[in-house]
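Notes follow once the structure below has been shown.
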Amino acid sequence: MLDLMLLRRDPERVRRAAARRPAGADFVDEVVRLDTKLRAAITSVEQLKAEKNALTQAISKAADRTAEAQRLKPQIAALDARIVEAGAPIPELERQIDAILADVPNLLDDSVPDGAGPDNNVVLRVSGPPPAFGFAPKPHWELGEALGIVDFERAAKLAGSRFAVLRGAGARLSRGLIDFFLNRAIERGYTEIVPTYLVNRKTMWSTGQLTKFADAMFADTDSDLFLIPTAEVPLTALHGDEILPGENLPLKYTAYSPCFRKEAGAAGKDTRGLIRLHQFEKVELVWLTEPAQSFDALESLTRDAESLLSELGLPHRVVALCSADVGFNAAKTYDVEVWLPGQNHYREISSCSNCTDFQARRAQIRFRREAKAKPEMVHTLNGSGLAVGRTLVAILENYQQEDGSIRVPEALVPFVGFDVIASPGPA
RNA sequence: GGAGAGGUGGCAGAGUGGUCGAAUGCACUCGCUUGGAAAGCGAGCAGACUGUUAAAGGUCUCGGGAGUUCGAAUCUCCCCCUCUCCGCCA
């Protein structure tokens, strides 16, 4: 949520920044108009209430309260009527302002490149040339099914399309990756969390997932609980409605979690393979920082994600998302993309975002610089470190050999207990 | 699932209709004291909005919402949450 104060004080600045988004800046004038009316109404109500409170106080201080109450009743009743009248427009004005602001995306950072779509994203660095193969590399779904370690047919039987079952060495590879990712995060100073995988509506709203733009999430309407689409939600909201001591910042959290997404807007996209499923595994990285540190933190967070790919020997690159591609919550986003030789393109494997104070304001995550200082909003950042399924895809495709077997990246061998996958197992 | 208890400031915990944004204790901040510390003493210490150069001042908040009343932390109703006991269970 944008800062209404900023909108009041400097609507021109908000207008300029918001205009860079496809959503545009039309809301600015409307919000300013509504807010001006709202504040006028509030001011008059408060003045009238002050008058009424003075009379009420007079009663409580009177020698004969009953008599004084009788005497002042008509005046108080008159004030009550005026309070009701002056306050009548307030709920509707607040509702309108909230409804507008709730769906306005975060303001982009100045460093975000302009662009109309993914083609305008800027490649910042490339880890190295993609490896050359002495044969035609296969896509991971062919490799995985031939080895018997990925089973789409039985997953469809169990749950439908966009699900996969891992078997034997595939399952162990997935589990080993989770362990590897978590260990590396801990080594880099992250605190591991086992969060809830279901969250309530308020939590989901507070991290910006519940907007009119959001694809529907899996939910239990009976209890009004939502399956998390990413551990970003519980990790970011962990300190919601709290005021943190400034010296505790930055806070760095990591968590493994399953992620559930309906993918309602992705019909027909990535229908084969493990790329886009209703259920997948991910290790998430989240930072809470002081405002001045958040953009340095974004660089650091992105390096953390990249380092995992480097250690696994997976070719990758980092791109800065352009103005049209940065998501609702973020002021700036770097995507880390891994090379998939079986499909001959780069594919997002981690999306690292600085959400500045946007989620913090929704979730009310604040900090105090010093003991008596006024609370300020923290900045929140998140990124995958990494998406487990997509890493598994990258390993299958990059480490495939001509006979269809898969070498296990050296760094991962201690975590999975074998160095080649030639059959489903026992491996 | 059954029965009961309870939600007050960072924590503990008073407060059952007015002078209560709220006693007291702990924690915390500053000062005094001290060679230094502890103890002791003094002062401060909730958040939001409004207002102002800054302030003063004002409004709201005692889980959330609605109501009774001139006046609600306190009374009534609804909702949410937590805890205890019993049952069941990974």
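Chain letters run A, B, ... following the sequence lines, proteins first and then strands; every chain starts at 1. Side chains included, hydrogens not; waters and symmetry mates left out as well; all remaining heavy atoms used.
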Residues 37-49 of chain A, side-chain donor-acceptor partners within the protein, below 3.5 Å, at least two apart:
| from | atom 1 | to | atom 2 | distance (Å) |
| --- | --- | --- | --- | --- |
| Thr43(A) | OG1 | Arg39(A) | O | 2.7 |
| Ser44(A) | OG | Ala40(A) | O | 3.3 |
| Ser44(A) | OG | Ala41(A) | O | 3.0 |

*Might you confirm whether atom CZ of Arg369(A) has over 12 heavy atoms from other residues, nucleotides or ligands at distances under 6.0 Å?*
yes
*Charged N to carboxylate O under 4.0 angstrom, Glu376(A) versus Arg366(A)?*
no
*asked:* If I take atom CG in residue Leu48(A) and atom P in nucleotide rU50(B), what distance separates them, rounded to the nearest angstrom?
replied: 19 Å
*Mind checking side-chain contact (heavy atoms from CB on, under 4.5 Å) for Ala237(A) and listing every partner two or more places apart, or none if nothing turns up?*
Thr203(A), Ser206(A), Thr207(A)
*Residue-phosphate contact under 4.0 Å: Asn200(A) side-chain N/O, rC80(B) OP1/OP2*: no
What are the atom names and distances for every N/O pair under 3.5 Å that joins the protein to nucleotides 68-73 of chain B?
| from | atom 1 | to | atom 2 | distance (Å) |
| --- | --- | --- | --- | --- |
| rC70(B) | OP1 | Lys73(A) | NZ | 2.6 |
| rG71(B) | OP1 | Lys52(A) | NZ | 3.2 |

*Please state whether the phosphate of rA48(B), meaning OP1 or OP2, lies under 4.0 angstrom from any side-chain nitrogen or oxygen of Arg366(A).*
yes
*Answer with yes or no whether the side chains of Lys332(A) and Ser111(A) bring together a donor and an acceptor at under 3.5 Å.*
yes
*Does Glu410(A) have any salt bridge (Lys or Arg N to Asp or Glu O under 4.0 Å) partners at least two apart in sequence or in another chain, and if so, which?*
none
*In terms of ring plane angle, is the pair Phe415(A) and Phe180(A) parallel, tilted or perpendicular, where the classes change at 30° and 60°?*
perpendicular
_Of Lys61(A) and Glu51(A), the one whose closest RNA chain B nucleotide lies more 5'_ = Lys61(A)
Sort me out a list of protein N/O and nucleotides 64-66 of chain B N/O pairs below 3.5 Å, or just none if empty.
none

*salt bridge (Lys or Arg N to Asp or Glu O under 4.0 Å) pairs, two or more places apart, involving residues 347-360 of chain A*: Asp270(A)-Arg347(A), Asp357(A)-Arg361(A)
*Flag the pair Asp98(A) and Arg95(A) as a salt bridge only when some basic side-chain nitrogen lies within less than 4.0 angstrom of an acidic carboxylate oxygen.*
no
*Is RNA chain B part of any stem, that is, at least 3 consecutive Watson-Crick or G-U pairs with both distances under 3.5 Å, and where?*
B:1-7 with B:80-86, B:10-12 with B:24-26, B:28-32 with B:40-44, B:46-50 with B:57-61, B:63-67 with B:75-79
*If we take the C1' atom in both rG4(B) and rG87(B), what is their distance in whole Å?*
15 Å
*Please say whether more than 12 non-hydrogen atoms of neighbouring residues, nucleotides or ligands are located less than 6.0 Å from CD in Glu92(A).*
yes
*Hey, would you say the Tyr253(A) and His239(A) ring centroids sit under 6.0 Å apart?*
yes
*Nearest to the side chain of Ala50(A), which nucleotide is it out of rG58(B), rU19(B), rU50(B)?*
rG58(B)
_Both Lys374(A) and Gln57(A) contact RNA chain B. Which one's nearest nucleotide lies toward the 5' end?_
Gln57(A)
_Run the salt bridge (Lys or Arg N to Asp or Glu O under 4.0 Å) test against Asp110(A) and tell me which residues pass, sequence neighbours left out._
none
_Heavy-atom pair of closest approach, residues Ala231(A) and Lys282(A)_ = N-NZ, 4.2 Å
*asked:* Using a 4.0 Å heavy-atom cut-off, does Arg368(A) contact any base of the nucleic acid, only the sugar-phosphate backbone, or nothing at all?
replied: sugar-phosphate
*Is the shortest side-chain N to carboxylate O distance from Lys202(A) to Asp241(A) below 4.0 Å?*
yes
_Can you check the distance between rA14(B) and rG21(B), where both ends of the measurement are the C1' atom (answer in whole Å)?_
15 Å
Which atoms of nucleotides 52-54 of chain B (N or O only) lie under 3.5 Å from a protein N or O atom, and what are those distances?
none

*How would you list, by chain and number, every residue that makes a salt bridge (Lys or Arg N to Asp or Glu O under 4.0 Å) with Asp109(A), sequence neighbours excluded?*
none
*Does Glu12(A) have any salt bridge (Lys or Arg N to Asp or Glu O under 4.0 Å) partners at least two apart in sequence or in another chain, and if so, which?*
Arg15(A)
*Write down the distance separating the C1' atoms in rU8(B) and rC62(B), rounded off to the nearest Å.*
4 Å
_I need the residues from residues 234-250 of chain A with at least one non-hydrogen atom less than 4.0 Å from RNA chain B; give them sorted by number, or say none._
none
